[in-house]
Protein chains: 2
Amino acid sequence: MTDDPKSGGATDLTHENDKPRTRIQKVNRKKILDAALEVFSAQGFRGATLDQIAAEAGLSKPNVLYYFPSKEAIHAALLAGLLDIWLAPLRAMDPQGEPRDEIMSYMRRKLEMSREMPRESRLFANEVLQGAPRIGDGLSTDLKALVDDKAAVIRDWIAQGKLAPVDPHHLIFSIWALTQHYADFDVQVRAVLGPDTDPFDGAGKFLDMLFTRLLTP
Amino acid sequence: MTDDPKSGGATDLTHENDKPRTRIQKVNRKKILDAALEVFSAQGFRGATLDQIAAEAGLSKPNVLYYFPSKEAIHAALLAGLLDIWLAPLRAMDPQGEPRDEIMSYMRRKLEMSREMPRESRLFANEVLQGAPRIGDGLSTDLKALVDDKAAVIRDWIAQGKLAPVDPHHLIFSIWALTQHYADFDVQVRAVLGPDTDPFDGAGKFLDMLFTRLLTP
DNA sequence: GTCTATATTACGATAGAC
DNA sequence: GTCTATCGTAATATAGAC
């Protein structure tokens, strides 16, 4: 890995720029957060142990706690940026754009995130499924505000006859449900399809057809 | 929520008739399983504690372990019947019936289960989300067999021009995803819709429209 | 910064009185 | 059948040497 302080891919939840850090601090924090994402997303918060995270990160347990004050803090650091990353594609929906293109693009981008970032999806699913104890406020403030905003946009589009009349909120829920399902229920989907079928290939075609039919006036 | 020993209808996972038991055994086993469903579905297996289950059941912890040999055994008892209950509506899909009616009825019954049995839905979601460590085999055997069977039925219907051409497996996945979302992500849905809107009313209308449009040739 | 050793609690499960 | 008391373990977190 080359020096590259400004780097940070799509999956970067590390907030490495929040505070000044030495190089080794950045590297180790990143190792820990990646390991924690692996373990928390697969086991949930309570199911995960610091031993597992330390092993996955290739560090000793006390060393992990040298970089983060507690298990809770590691989890919080992961969740902190997640909602923003998760909602970026919805935020990008352009009121000036062509309605069906905008919605189809959103859906496709969301499905792509399920394929590329299944651990993040499952981390989020674990949190919400258990009542969102550590992210709950963000749902009824930030999330609700954004969704209400975009729902109003969709409502306008419908009023202008550019979309079939559908409930905007439930339209958005349906995109979440259908795309995240392929990340969150991955084992079930693969168990049903068998080992030789890629779930996302079929999902892409199916969801294209579904939303085309749903949205065409 | 924990009392009411005489109740017990659609949600009965207790298998009370498996072995002969005295009346008090039946009552207490049922209390424990209901409490365990409450706690496991909200916290996941590892997040749940016997203390919580015992408190919810109104029994002491050792008394809980008098009726079940271990925490694991309580969880297993809950999961044992769950897959069957969960798939009963799909099993009921009739190859002789009118295709769109059959699929619409399946979807509606599944949405109704999300409304009436959200805890069971979340218990299942927790299990699958974490890789189905305790139910995995059932997915690639029983579940796959049933879904493949019904997928063949749907394929026939399509070949006869009675349905729009859609991938049968992904059609079934879409029903699961869209209906279970309202149980599994309940807190999120309610946070977005606000306290005065019933998610399931809107969901029923929306999903009726969605699947009607999808399935009409 | 990193480690070994350890303090401390929480939890699953058992013993044994009643 | 039910309870109090308790054992043993595993998990979070800290102390302190290097």
Side-chain angles (χ1 to χ4, degrees), chain A residues 1 3 14 16 19-79 126 130 133-134, chain B residues 2-3 5 14 16 19-79 126-127 130 133-134:
Chain A
M1 189 187 291
D3 300 4
T14 56
E16 291 184 18
K19 295 169 192 168
R21 300 188 202 284
T22 68
R23 172 174 160 69
I24 191 165
Q25 279 175 333
K26 282 158 69 169
V27 168
N28 277 345
R29 279 179 62 90
K30 192 165 174 52
K31 275 201 275 191
I32 292 167
L33 287 170
D34 191 66
L37 177 58
E38 187 74 27
V39 177
F40 282 137
S41 66
Q43 315 264 339
F45 179 77
R46 294 257 310 186
T49 71
L50 285 174
D51 273 313
Q52 291 173 298
I53 294 171
E56 182 82 23
L59 299 171
S60 71
K61 189 163 48 169
N63 206 11
V64 168
L65 290 170
Y66 171 78
Y67 289 98
F68 291 90
S70 67
K71 174 184 174 182
E72 189 87 39
I74 303 174
H75 193 252
L78 282 176
L79 280 183
N126 263 302
Q130 307 197 355
R134 305 163 217 274
Chain B
T2 57
D3 39 9
T14 56
E16 291 184 19
K19 295 168 190 167
R21 300 188 201 284
T22 68
R23 171 174 161 70
I24 191 163
Q25 279 174 333
K26 283 159 66 169
V27 169
N28 277 346
R29 279 180 61 91
K30 187 163 176 50
K31 274 201 275 190
I32 291 166
L33 286 170
D34 191 65
L37 176 59
E38 186 74 26
V39 177
F40 282 136
S41 66
Q43 317 263 350
F45 178 76
R46 295 257 308 187
T49 71
L50 284 174
D51 275 311
Q52 289 174 299
I53 294 170
E56 183 81 23
L59 300 171
S60 70
K61 187 163 52 170
N63 206 9
V64 167
L65 290 169
Y66 171 80
Y67 288 98
F68 291 89
S70 67
K71 176 185 174 181
E72 189 88 38
I74 302 173
H75 193 252
L78 282 176
L79 280 183
N126 264 302
E127 169 70 8
Q130 307 196 356
R134 306 164 216 274

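Only this structure's heavy atoms are used, side chains among them; waters, hydrogens and symmetry mates stay out. Please read all numbers here as calculations on a predicted model, not as lab measurements.
- Side-chain atoms of Asn126(B) and Gln43(B) include no donor-acceptor pair closer than 3.5 Å.
- Atom-to-atom, NE2 of His75(A) to P of dA11(D) comes out at 17 Å; the value is rounded to the nearest Å.
- As rounded to whole Å, 16 Å separates atom C1' of dC7(D) from atom CG of Leu50(B).
- Comparing atom distances between the Thr49(B) side chain and each of dA13(D), dC11(C), dT2(D) picks out dC11(C) as nearest.
- At the heavy-atom level, Ala48(B) lies under 4.0 Å from the strands shown only through sugar-phosphate atoms.
- With rounding to whole Å, Ile53(B) atom CD1 is found 10 Å from dA13(C) atom P.
- The CD1 atom of Ile74(B) sits 15 Å away from the P atom of dC11(C) (whole-angstrom rounding).
- Under the side chain to side chain contact (heavy atoms under 4.5 Å, CB included) test applied with Val64(A), the options Asp51(A), Asn28(A), Ile32(A) reduce to a single match, Ile32(A).
- Heavy atoms of Leu65(B) sit under 4.0 angstrom from at least one base atom.
- Side-chain contact check for Gln130(A) versus Phe45(A): every heavy-atom pair is 4.5 Å or farther apart.
- Because its NZ or CZ atom is not both nearer than 6.0 Å to the ring centre of Tyr67(B) and within 45° of the ring axis, Lys30(B) does not count as a cation-pi partner of that residue.
- Summarising the geometry, the separation between CD on Gln52(B) and P on dA10(C) is reported as 13 Å, rounded to the nearest angstrom.
- At the phosphate of dA10(C), neither OP1 nor OP2 sits under 4.0 Å from any side-chain N or O atom of Arg46(A).
- An OP1 or OP2 oxygen of dT4(D) is reached within less than 4.0 angstrom by no side-chain nitrogen or oxygen of Asn63(B).
- Protein atom OH of Tyr67(B) is 20 Å distant from nucleotide atom P of dG12(C), rounded to whole Å.
- Within the 4.0 Å cut-off from OP1 or OP2 of dT2(C), not a single side-chain nitrogen or oxygen of Ser60(A) is found.
- What separates CD of Glu72(A) from P of dA10(C) is a distance of 14 Å, to the nearest Å.
- Per the geometry, CG belonging to Asp51(A) stands 6 Å off P belonging to dA11(D), to the nearest Å.
- Between Ser70(A) and dT14(D), a side-chain N or O to OP1/OP2 separation shorter than 4.0 Å is absent.
- In the set dG12(C), dA15(D), dT2(D), dG12(C) carries the atom at the smallest distance from any side-chain atom of Lys61(B).
- Among the nucleotides dG1(D), dA13(D), dA15(C), the one closest to the side chain of Pro62(B) is dA15(C).
- A cation-pi arrangement is not found for Lys71(B) relative to Phe40(B), the charged atom failing to lie both closer than 6.0 Å to the ring centre and inside a 45° cone about the ring normal.
- Candidate nucleotides dT12(D), dG12(C), dT2(C) were compared by shortest atom distance to the side chain of Lys71(A), and dT12(D) ranks first.
- In this model, the phosphate group of dC3(C) is not approached by any side-chain N or O of Tyr66(A) to a distance below 4.0 Å at OP1 or OP2.
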